[in-house]
Structures are given as C-alpha cells and as structure tokens.
Amino acid sequence: MTNQDIVIKFLNGFNNPTQIKASLDLLAEDYKFKNPMIQLNSKTEFIALAKEIGAVVTGINITNIIENSDWVATFYIFKSSIPGLESNLASEWFRLENGIIKESHLIYDTSEWRKFYKQMKSK
C-alpha cells in the first residue's frame, strides 16, 4: 500500500463509523496533529478529539491528493451537521514513516468554527 493509499484509507474512515477503528490504527502512538485551533501530541489525544469530531463531521470528500516522498498533501471538503458549517474546504498534509501516519497539519477557515465552539462552551 502506498502512502497515498494509507491516507485515503485514514480519511475514508470518517465517512463510515464502522471503519474509524481501522483508520485510527494507521496512526503512530506518538502521532502529532495540528490545526489552527489545537495541537495534539499523541494518538490517544487524537482519538479523544476524533470522538468529538465524529459527532458533527458527516463525511470527507477528497478532491485532490499528491504524494512526495514521506509527505502526502490532500485537499478535501468535509461535511458537518452544524447549520452554516455544512461544507468546509480543507488541506491536510500527512507525514508517514514505514506505513504509519506520524503527523498531520490540517488547514481550514476556523472563523465560523471558533464561534460555534465558543457558543457550545457557554452553554
């Protein structure tokens, strides 16, 4: 399986709850995840976040993907069940070692997401 195939399998797990465990199995124990709102330093921390994400993300549609050495760059649309945030553009860069995802950097417009999370915390 190529690095690109591994990333596709990982992201597709968010499209089907029965496949999410297989997706999470592709992460290194010391997996590093970063997006504009959070930075995590372990697979365990990411799994906790994935449970929260799974409650609102309804699917991921990869529109472009390219592999260069240990890096795989993706461009995708992620869907959510949150009114006003149903469709979101994102780019995520993954670094792999020996068939395992070691880190990823997710980039997307967080302006409306920050408002949503602020509202959720105030309830």
Side-chain angles (χ1 to χ4, degrees):
M1 195 170 350
T2 67
N3 285 344
Q4 186 171 317
D5 292 333
I6 291 165
V7 169
I8 290 169
K9 182 177 179 179
F10 172 74
L11 290 173
N12 281 339
F14 290 91
N15 292 326
N16 182 342
T18 64
Q19 295 177 357
I20 193 66
K21 184 187 178 323
S23 288
L24 297 174
D25 287 346
L26 298 170
L27 301 177
E29 291 302 319
D30 61 347
Y31 170 66
K32 307 266 189 257
F33 173 79
K34 184 176 181 180
N35 75 26
M37 296 191 296
I38 195 167
Q39 185 168 335
L40 305 174
N41 295 304
S42 72
K43 178 179 180 175
T44 302
E45 290 177 332
F46 184 80
I47 289 172
L49 177 66
K51 288 178 184 176
E52 291 177 28
I53 292 170
V56 295
V57 171
T58 58
I60 293 176
N61 179 28
I62 300 169
T63 58
N64 287 297
I65 187 166
I66 190 163
E67 182 175 343
N68 184 359
S69 186
D70 293 338
W71 286 92
V72 175
T74 61
F75 187 69
Y76 56 79
I77 298 168
F78 68 95
K79 307 281 186 185
S80 88
S81 58
I82 301 167
L85 293 170
E86 294 91 353
S87 184
N88 307 267
L89 297 174
S91 179
E92 190 164 4
W93 293 65
F94 296 86
R95 186 177 64 80
L96 292 86
E97 285 181 13
N98 302 316
I100 298 291
I101 300 170
K102 294 289 285 183
E103 67 179 294
S104 70
H105 302 271
L106 173 61
I107 303 160
Y108 65 102
D109 181 358
T110 62
S111 54
E112 294 301 315
W113 283 94
R114 288 179 193 275
K115 291 177 191 174
F116 169 75
Y117 286 118
K118 185 177 180 181
Q119 179 184 7
M120 292 299 294
K121 288 181 181 178
S122 67
K123 289 183 178 182

Leu26 versus Ala22, closest heavy-atom pair with distance: CG-O, 3.5 Å
Over 12 non-hydrogen atoms of neighbours within 6.0 angstrom of CH2 in Trp93: no
Are Ile101 and Ile107 linked, directly or through other ILVMFWY residues, by side chains that come within less than 4.5 angstrom of each other? no
Check step by step if side chain to side chain contact (heavy atoms under 4.5 Å, CB included) holds for Ser80 and Trp113. CA-CA 11 Å; Ser80 88; Trp113 283 94; 3.8 Å; yes
Indicate yes or no for a side-chain donor-acceptor contact from Ser42 to the backbone of Glu45 under 3.5 Å, with no hydrogens or angles considered. yes
Can you see which heavy atom on Gly13 is nearest to which on Ser23, and at what distance? CA-OG, 3.0 Å
Lys34 atom NZ, over 12 foreign heavy atoms within 6.0 Å: no
When hydrophobic residues are tied together by side-chain contacts of less than 4.5 Å, even through go-betweens, does Val56 share a cluster with Leu106? yes
Any side-chain heavy atom of Ile65 within less than 4.5 Å of one from Val72? yes
Atom pair CZ/CD of Arg95 and Glu103 - distance to nearest 0.5 Å: 4.5 Å
Are Trp71 and Met1 connected in a single hydrophobic cluster, I mean Ile/Leu/Val/Met/Phe/Trp/Tyr linked by side-chain heavy atoms less than 4.5 Å apart? no
Return yes if some donor-acceptor pair links the side-chain N/O of Ser87 with the main-chain N/O of Lys79 below 3.5 Å, else return no. no
Work out which heavy atom in Ile62 is nearest to a heavy atom in Tyr76; give both atom names and the distance. CA-CB, 3.7 Å
Any side-chain heavy-atom pair from Leu89 and Ile77 closer than 4.5 angstrom? yes
Would you compute the distance between atom OG1 of Thr74 and atom CD1 of Ile66 and round it to the nearest 0.5 angstrom? 11.5 Å
Is the distance from the ring center of Tyr108 to that of Phe78 below 6.0 Å? yes
Here the gap from Leu27 atom CG to Thr44 atom OG1, rounded to the nearest 0.5 Å, amounts to 10.5 Å
What's the verdict on salt bridge (Lys or Arg N to Asp or Glu O under 4.0 Å) for Lys21 and Asp25, showing C-alpha distance, side-chain angles and the deciding distance? CA-CA 6 Å; Lys21 184 187 178 323; Asp25 287 346; 3.1 Å; yes
Between the main-chain N or O of Gly84 and the side-chain N or O of Glu86, is there a donor-acceptor pair closer than 3.5 Å? yes
Looking at CZ of Phe94 and NZ of Lys102, how far apart are the two atoms once the value is rounded to the nearest 0.5 Å? 15.5 Å
Heavy-atom nearest pair, Leu24 first then Lys43, reads O-CE, 3.0 Å
Could you go through the side chain to side chain contact (heavy atoms under 4.5 Å, CB included) check for Tyr31 and Ile100 one step at a time? CA-CA 9 Å; Tyr31 170 66; Ile100 298 291; over 6 Å; no
Distance-only, no hydrogens or angles: does the Asn12 side chain make a donor-acceptor pair with backbone N or O of Lys9 under 3.5 Å? no
Output yes when a side-chain donor or acceptor of Thr63 lies under 3.5 Å from a complementary backbone atom of Phe75, and no otherwise. yes
I need the minimum non-hydrogen distance between Met37 and Asn35, along with the two atoms involved. N-OD1, 2.6 Å
Going from CD on Glu92 to CG on Leu11, what distance comes out if it is rounded to the nearest 0.5 angstrom? 6.0 Å
Ile82 CD1 to Lys115 NZ distance, which is reported to the nearest 0.5 Å: 13.5 Å
